[in-house]
Amino acid sequence: MCQMRALALQALCAREVDEKLQRVAQLAALPTLTADPAWECSAPPEIPGHPAKPELVAPGTVPRRAMHTPEGRAATLHALTHIEFNAINLALDALWRFSGMPQQYYVDWHKVAVEEALHFTLLRQHLRGRGYEYGDFVAHNSLWEMAQRTRHDLLARMALVPRTLEARGLDATPLMRQRLAQAGEHEAAAILDIILHDEIGHVAIGNHWYAYLCQQQQRDPLQVWQQLRVEYEAPKMRPPFNLAGRRAAGFSEAELALLG
């Protein structure tokens with residue numbers, strides 16, 4: 001019964017990209033999606049496993065990317081690829097780390113991990129078609145840093161990773177898609193269409209389990225979200241916002257009003 005969550009942990013610890021993808025493929029191929037909610041395991045020191053490259057630097061030191069040059073567009077595509085690599089790890093961590101949840105919680109994050117691996121693969125293949133490899137540019141690790149800070153609190157994890165940081169992808173992706181299409185990167189734009197469609201579902205999963213936990217703990221979702229954003233120093237929410245995408249992902253009108 002613990003196979004799903006144990007496999008997720010093994011995939012999370014995998015350092016090499018292809019090994020991580022292979023282990024996620026093993027997750028995808030499980031004949032039955034059944035997890036043992038009581039299964040627990042101490043976090044190994046190698047979490048998360050990641051390759052030697054890309055070099056991870058502070059977010060503010062990542063060079064700006066000029067879309068009018070081939071290298072600038074490649075750097076943009078690399079940044080998107082790195083986001084999806086982090087997203088694989090985030091889904092795997094949500095799947096293995098937190099015990100005591102309903103079966104559907106584990107099934108949901110299994111689905112997210114598999115889809116994030118597909119997104120990464122599509123972007124990496126496209127990057128390779130431009131003569132570059134994942135790891136050729138520097139990257140930052142802010143997504144995982146928030147996961148690390150919320151590792152002991154599932155409510156905070158759901159509030160601040162899928163509902164806050166990953167939801168920013170719903171805002172940024174349409175604009176990035178437009179810029180890529182205007183630069184002639186139509187294949188990359190089509191990949192972003194796939195990603196945006198799936199990410200709405202991923203954020204919706206985060207919204208669902210956040211609401212579930214708030215109800216279970218008899219806490220007010222709006223108040224808790226505001227408190228956690230301050231407590232964990234989440235990045236400030238800046239427009240423009242993809243309100244249609246956020247509504248599709250389950251944000252209420254009251255929550256959307258807080259974005260401004």
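For the pair Arg246 and Asp171, the salt-bridge criterion is met [side-chain N within less than 4.0 Å of a carboxylate O].
The salt bridge (Lys or Arg N to Asp or Glu O under 4.0 Å) contacts involving residues 145-161 comprise Asp93-Arg157, where partners must be two or more places apart or lie in separate chains. Contacts classified as salt bridge (Lys or Arg N to Asp or Glu O under 4.0 Å) and involving residues 207-225 (residues at least two apart or in different chains) are not found. Applying the salt bridge (Lys or Arg N to Asp or Glu O under 4.0 Å) rule to pairs touching residues 46-62 yields nothing, sequence neighbours excluded. Residue pairs meeting the salt bridge (Lys or Arg N to Asp or Glu O under 4.0 Å) criterion with at least one partner in residues 98-124, sequence neighbours excluded, are Asp18-Arg124, Lys111-Glu115.
In this view, Trp144 satisfies the side-chain hydrogen bond (donor to acceptor under 3.5 Å, both in side chains) rule with no residue, not counting sequence neighbours. In terms of the side-chain hydrogen bond (donor to acceptor under 3.5 Å, both in side chains) criterion, Tyr232 has no residue partners (sequence neighbours excluded). Considering only residues two or more places apart in sequence or on other chains, Glu253 meets the salt bridge (Lys or Arg N to Asp or Glu O under 4.0 Å) condition with Arg247. In this view, Tyr132 and Phe137 satisfy the ring pair (Phe, Tyr, Trp, His ring centres under 6.0 Å) rule, not counting sequence neighbours. Glu133 pairs by the salt bridge (Lys or Arg N to Asp or Glu O under 4.0 Å) definition with Arg128, not counting sequence neighbours. Residues satisfying the salt bridge (Lys or Arg N to Asp or Glu O under 4.0 Å) test with Arg179, not counting sequence neighbours, are none.
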Using a 3.5 Å cut-off and no angle test, enumerate the donor-acceptor pairs between side-chain atoms of residues 72-85 and protein atoms at least two apart in sequence or in another chain.
{"residue": "Arg73", "atom": "NH1", "partner": "Met67", "partner atom": "O", "Å": "2.9"}
{"residue": "Thr76", "atom": "OG1", "partner": "Gly72", "partner atom": "O", "Å": "3.1"}
{"residue": "His78", "atom": "NE2", "partner": "Gly135", "partner atom": "N", "Å": "2.8"}
{"residue": "Thr81", "atom": "OG1", "partner": "Leu77", "partner atom": "O", "Å": "2.7"}
{"residue": "His82", "atom": "ND1", "partner": "Tyr134", "partner atom": "OH", "Å": "2.8"}
{"residue": "His82", "atom": "NE2", "partner": "Asn86", "partner atom": "ND2", "Å": "3.1"}
{"residue": "His82", "atom": "NE2", "partner": "His140", "partner atom": "O", "Å": "2.8"}
{"residue": "Glu84", "atom": "OE1", "partner": "His119", "partner atom": "ND1", "Å": "3.2"}

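Within a 6.0 Å sphere centred on CD of Gln215, other residues, nucleotides and ligands contribute 12 heavy atoms or fewer. Crowding of Gln217 atom CD: a count of heavy atoms from other residues, nucleotides or ligands under 6.0 Å exceeding 12.
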Salt bridge (Lys or Arg N to Asp or Glu O under 4.0 Å) between Arg23 and Glu19, worked out: CA-CA 6 Å; Arg23 291 189 179 277; Glu19 181 190 355; 3.1 Å; yes
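Taking Ile, Leu, Val, Met, Phe, Trp and Tyr as hydrophobic and joining them when side-chain heavy atoms fall under 4.5 Å apart, one finds Val62 in a cluster with Val57, Val138.
Going from atom CG of Leu175 over to atom CG of Asn242 covers 8.5 Å, rounded to the nearest 0.5 Å.
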